[in-house]
Each structure stands twice: as C-alpha cells, then as structure tokens.
2 protein chains.
Amino acid sequence: MEASRPDTATRILDVSERLFVEHGFEATSLRMITQQAEVNLAAVNYHFGSKDALFEAVFMRRLAPLIASCLAELDELETREEKLSVESLVTTFIRPCLALSKDPARGGALFVRLLSRTLVENHRLLRETISQQYSVFVQRYSRAFHHALPELGVEELAWRMHFAFSVMFNAFAGNDVLKIFTRSQIVSARDPDMIVKYLVPFVVAGLVSPVEG
Amino acid sequence: MEASRPDTATRILDVSERLFVEHGFEATSLRMITQQAEVNLAAVNYHFGSKDALFEAVFMRRLAPLIASCLAELDELETREEKLSVESLVTTFIRPCLALSKDPARGGALFVRLLSRTLVENHRLLRETISQQYSVFVQRYSRAFHHALPELGVEELAWRMHFAFSVMFNAFAGNDVLKIFTRSQIVSARDPDMIVKYLVPFVVAGLVSPVEG
DNA sequence: ATCAAATTAAAACGTAAGTTTGAAACGCTT
DNA sequence: AAGCGTTTCAAACTTACGTTTTAATTTGAT
C-alpha cells in the first residue's frame with residue numbers, strides 16, 4: 001500500500017493549486033492553505049519565500065510540462081506528415097490538455113482553470129515572466145497554422161487563432177457563460193472526452209471557414 | 001460646460017467598476033475606491049450597506065440593460081423575419097455588446113471584462129441571484145437557435161451555443177490567451193468593430209458546421 | 001428662518017492578513 | 001553519541017481590511 005504522504009512543499013503546492021482555483025489568489029489565505037495541508041503556517045514562507053512566490057511555483061509546476069507536451073506533439077506531427085491538416089494541428093493542443101484533465105496526479109483540470117483565472121486576473125507573472133519564456137509556443141503554432149491555412153492573411157489568421165485558443169481554453173477550464181443564466185448544468189457535466197467530441201469540429205469549422213469577399 | 005460631477009453613489013459605482021475589473025473583488029479595498037472617488041470611506045457602507053452589496057450594485061447596473069437589449073433585438077428580429085439565420089441571431093447578441101463597448105458613458109468594455117472575471121471567480125451572486133432572474137435569456141436563445149438549426153440534437157446544440165457564447169464573451173472581454181505567450185498585442189489592439197468583423201464568421205461557421213457521421 | 005432628514009466626515013473598533021522570530025525537533029554524517 | 005544543517009513549530013509583529021460609531025454638515029420643505 002504505502003500511500004506515503006508527500007513532503008511538506010508538495011503538500012503545500014497541491015493544496016494551494018486547488019484553493020487558488022476555488023477562491024482565487026487574493027481570497028486564499030496562507031492559513032487556509034497550511035491548515036488543509038496540515039503544515040505549519042511558517043512553512044510557506046520557509047519553503048517558497050512569500051505568497052507570491054508560492055503562486056509562481058504552483059503555476060510553473062504545471063505550465064512547463066504542458067507546453068512541452070504540445071510542442072512535442074507538434075514536432076512529432078511535423079516529421080510525420082508533409083501537409084498538416086487543421087484538425088491534426090488543433091489536436092496537438094487538445095490532446096495534452098485532455099491528458100492533463102484526466103490525470104488526477106497532475107491536478108486534473110485544475111490547472112487549466114487556474115490558467116484561465118490567472119489570465120482574466122491579469123497577473124504580473126503572465127505579463128512578465130511567461131511571455132518571455134514561452135513566446136516560442138505561439139510562434140510555432142502561428143507558423144504551423146499559416147502553412148495549413150495559406151489563404152489567410154496574417155491578421156485574419158491571428159484573429160482566428162485567438163478565437164480558437166480562447167474557446168478551447170475555456171472549454172477545458174469549464175467556463176460556461178450560459179450557466180450564469182440557468183441552473184441546468186448539462187453542458188458542464190464534465191466528461192473531458194465529451195468536450196473534445198464537440199469542441200474539435202466547432203473550432204476547426206471556425207478556423208477553415210472561407211474568407212469573406 | 002458644466003461637467004457637473006456625479007453624486008457620491010454614482011462616483012463610487014464608476015470607480016468600483018474600474019477597480020473591480022483591474023484588481024478583482026478581493027484585491028480592491030474600500031479605501032482604494034473611496035480615495036479615487038474622492039468620497040469618505042464610510043460612504044460605501046452608507047449608500048450600499050456593504051462591500052458585497054456594492055459589487056452587486058455595480059454588476060446589476062450594467063447587466064440588466066444589456067440583457068434587455070439582447071432580448072429586444074431578438075424580439076424585433078423574430079417579428080421581422082420568418083426564418084431566422086444563424087448570423088442574424090448571433091448579431092442580436094453581438095450588437096448590444098458592441099454598443100456597450102463603444103459607449104464610455106456606460107463604462108465601455110469594462111462590464112464585459114467584469115462579467116468574465118465574475119464568471120471565473122464563481123461569485124455567489126452569479127450562482128444564486130442572476131441564474132434565477134435571467135434564465136429566460138438562455139431559454140430564448142436556445143429556442144431561437146433550435147429553430148435556426150433544427151438538424152442539431154439538443155446536446156449538440158447546447159455544446160455549440162456554449163462554445164459560441166464563450167468565444168464571443170471572451171472576445172469582447174479581451175481575454176487573449178495567446179497574449180500570455182507573446183508581447184505582440186496585434187489582436188488585442190481593441191477596435192470593437194474589428195473584433196466583430198472576424199468574430200461573426202468564426203462563430204457562425206462553428207455553429208452551422210455539418211454534424212459528423 | 002427653522003427644524004428634521006439626509007448626507008458627509010473623522011476616528012476608532014475588531015479581525016484577519018502576510019511575514020518574522022527564536023527555539024525546539026529532526027535527520028544525517030562523523 | 002555528538003555535532004550540525006535542515007526543517008518544524010508556536011507565538012508574536014505589523015499592517016490593512018470592512019465596518020461601526022458619533023458628531024458635523026448640508027439639504028429641502030414648511
């Protein structure tokens with residue numbers, strides 16, 4: 001058996017990830033975190049230095065592998081196929097997201113939700129650190145989509161990618177705008193595979209739709 | 001000239017709207033609000049009762065007219081046309097959002113951003129109050145889209161509407177996922193008309209795409 | 001002009017936040 | 001077993017928060 005409870009720093013990261021998603025950064029206190037992680041209050045500042053640094057640690061633990069997975073899928077696809085289909089390109093992004101969502105050991109869909117929270121909260125972390133480290137991500141996808149959709153101008157392509165990644169992110173994050181206005185949660189009954197079944201056709205259709213005269 | 005500075009309650013609402021968007025509910029203190037609004041600290045509790053009630057006032061001031069505009073557009077369209085096109089349906093939602101975004105007197109695009117923040121922050125307000133008052137909004141659009149897209153099953157339609165409103169909301173809110181990874185802000189150079197030019201075709205294409213075998 | 005109500009103002013209250021401190025406990029090498 | 005760096009712990013510190021209180025001031029009708 002030996003469930004072997006993780007060490008202090010890891011327990012803090014796990015609990016923080018969940019609480020930051022549930023309540024947001026500001027509304028999550030170190031006392032909430034340390035209580036649920038069953039560690040001493042001072043442990044956060046000892047292991048991470050500050051609450052801000054803790055957030056960065058929580059965030060980076062998931063982001064780096066996710067980005068790496070997407071780029072690996074992209075590499076693999078580009079060596080395998082000569083001409084890339086839009087659907088296969090979309091899938092290189094969706095598959096790692098899906099794998100993450102289904103893996104409880106990596107927090108499941110928590111990180112995608114954290115990412116969307118962090119995005120709308122416009123954290124300093126995103127504006128400064130990440131945009132520098134992972135700009136290659138957008139560059140790679142921009143080039144790949146440009147090859148798959150050569151008839152689109154750069155502006156049109158940028159917008160369509162913007163919309164496509166927007167709907168994909170929010171689908172995995174479970175941000176259901178319509179659930180605001182209705183209690184029925186049909187859509188949000190969250191089987192990740194179900195999401196993909198409907199998500200991919202929608203996104204691909206938007207990406208490949210003919211340009212207007 | 002007579003710019004006639006608004007009364008205390010209105011100044012509090014205006015400043016709060018901006019600060020809640022910029023920093024979120026928790027990270028916005030009453031002292032920040034009252035300082036920038038140039039009113040006394042106690043004025044918030046006097047006029048609104050509490051910080052929570054203030055948030056609700058800020059939110060409702062914009063939401064109710066926006067919903068009403070959408071439903072009015074929908075009414076007008078349904079009396080004018082017999083068979084509704086998907087594009088015209090999408091436009092009944094986009095046009096009020098666009099008008100709001102371009103009207104500084106109503107806070108411009110601030111409210112859409114506030115709405116998206118409130119959504120991912122999963123406020124009690126959205127779960128309890130609004131879902132009851134405005135469930136008619138979803139019902140009306142669901143029925144209208146069902147008539148425009150009768151070949152879609154209820155589940156497929158629910159998902160497509162979910163995706164469609166998701167991308168529309170986030171487009172107006174300026175939630176650009178890709179800007180996380182790159183400093184170039186081409187897409188987010190926010191001319192609302194530009195958004196619509198590319199947004200409508202994308203959304204319509206996703207909605208009307210043929211169902212898979 | 002007067003008086004009551006509505007509003008503004010300054011100050012304080014109690015609480016909870018992030019952080020720091022210094023000692024105790026632990027783990028490991030010698 | 002002794003020593004030492006690492007980790008844990010309880011407690012306190014400083015600061016800022018939302019809210020309340022009480023008095024001063026303004027407003028509007030008579």
Side-chain angles (χ1 to χ4, degrees), chain A residues 2-61 114 117-118 121-125 128-129, chain B residues 2-61 114 117-118 121-125 128-129:
Chain A
E2 191 57 52
S4 106
R5 125 197 256 213
D7 63 16
T8 301
T10 305
R11 279 214 309 292
I12 292 175
L13 287 174
D14 291 340
V15 170
S16 301
E17 182 173 52
R18 180 169 48 80
L19 291 182
F20 283 153
V21 167
E22 282 177 21
H23 307 104
F25 177 76
E26 301 284 346
T28 302
S29 71
L30 296 185
R31 282 165 177 84
M32 293 166 60
I33 293 171
T34 52
Q35 265 183 315
Q36 297 201 22
E38 299 179 80
V39 302
N40 188 268
L41 170 60
V44 170
N45 287 281
Y46 175 77
H47 284 282
F48 299 97
S50 69
K51 191 187 177 187
D52 279 286
L54 167 64
F55 179 82
E56 183 164 340
V58 168
F59 199 85
M60 287 309 192
R61 178 170 71 144
L114 181 63
R117 273 201 93 123
T118 311
E121 285 174 3
N122 201 21
H123 274 257
R124 177 184 32 75
L125 177 65
E128 297 169 6
T129 311
Chain B
E2 190 56 57
S4 102
R5 123 197 257 212
D7 63 15
T8 301
T10 304
R11 278 214 309 292
I12 291 175
L13 288 174
D14 291 339
V15 170
S16 302
E17 184 173 51
R18 180 169 49 80
L19 292 182
F20 283 153
V21 167
E22 281 177 23
H23 307 103
F25 177 77
E26 302 284 346
T28 303
S29 72
L30 296 185
R31 284 167 176 83
M32 292 165 61
I33 294 172
T34 52
Q35 265 184 311
Q36 297 201 21
E38 298 179 81
V39 301
N40 188 267
L41 170 60
V44 170
N45 287 280
Y46 174 78
H47 284 282
F48 299 97
S50 68
K51 191 188 177 185
D52 279 287
L54 167 64
F55 180 82
E56 183 163 341
V58 168
F59 199 85
M60 287 310 191
R61 178 170 70 144
L114 180 63
R117 272 201 93 122
T118 311
E121 286 174 3
N122 201 21
H123 272 259
R124 177 185 29 75
L125 177 64
E128 297 169 6
T129 311

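Computed from a predicted model, the values in this text were never measured in an experiment. By convention in this document, chain letters (A, B, ...) are assigned in the order of the sequence lines, proteins followed by strands, and residues within each chain are numbered from 1.
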is_close_aromatic(F59(B), H123(B)), centroid dist under 6.0 Å: no
Specify the separation, in whole Å, of atom CG of L54(B) and atom P of dC17(D). 15 Å
Distance in angstrom units between F48(B) CZ and dT19(D) C1', rounded: 16 Å
Just how far, in rounded Å, is P of dC17(D) from CD1 of I33(B)? 11 Å
Gap between atoms CD and C1', on Q35(A) and dA10(D) respectively (whole Å): 14 Å
In whole angstrom, give the distance that lies between atom CE of M32(B) and atom P of dA16(D). 13 Å
Between R124(A) and D52(A), is there a side-chain heavy-atom distance shorter than 4.5 Å? yes
So, is N45(A) near the phosphate of dG18(C), with a side-chain N or O under 4.0 Å from OP1 or OP2? no
Does any part of the side chain of E26(A), heavy atoms only, come nearer than 4.5 Å to the side chain of H23(B), both counted from C-beta? no
Determine the contact category for T28(B): base if any of its heavy atoms lies under 4.0 Å from a base atom, sugar-phosphate if only primed atoms, P, OP1 or OP2 are that close, otherwise nothing. sugar-phosphate
Tell me: CG of N40(B) to P of dA6(C), nearest whole Å? 19 Å
Distance check: side-chain N/O of T8(A) vs OP1/OP2 of dT7(D), anything under 4.0 Å? no
Can you figure out which of dG18(D), dT19(C), dT21(D) approaches the side chain of A42(B) most closely? dT21(D)
Quick one: does K51(A)'s side chain have a donor or acceptor within less than 3.5 Å of a partner on F25(A)'s backbone? yes
Separation of R31(A) atom CZ from dT15(D) atom C1', in whole Å? 12 Å
Short side-chain N/O contact from H47(B) to OP1 or OP2 of dA6(C), under 4.0 Å: no
Of L41(A) and Y46(A), the one whose closest nucleotide on DNA chain D sits nearer the 5' end is Y46(A)
Rounded distance in Å - CD (E26(A)) to P (dC17(D)): 11 Å
Would a 4.5 Å heavy-atom cut-off, applied to side chains only, mark R117(A) and N122(B) as touching? no
Closer than 4.0 Å, any side-chain N/O of S29(B) to the OP1 or OP2 of dC17(D)? yes
Given dT19(C), dT19(D), dT8(D), the nucleotide with the shortest approach to the side chain of K51(A): dT19(C)
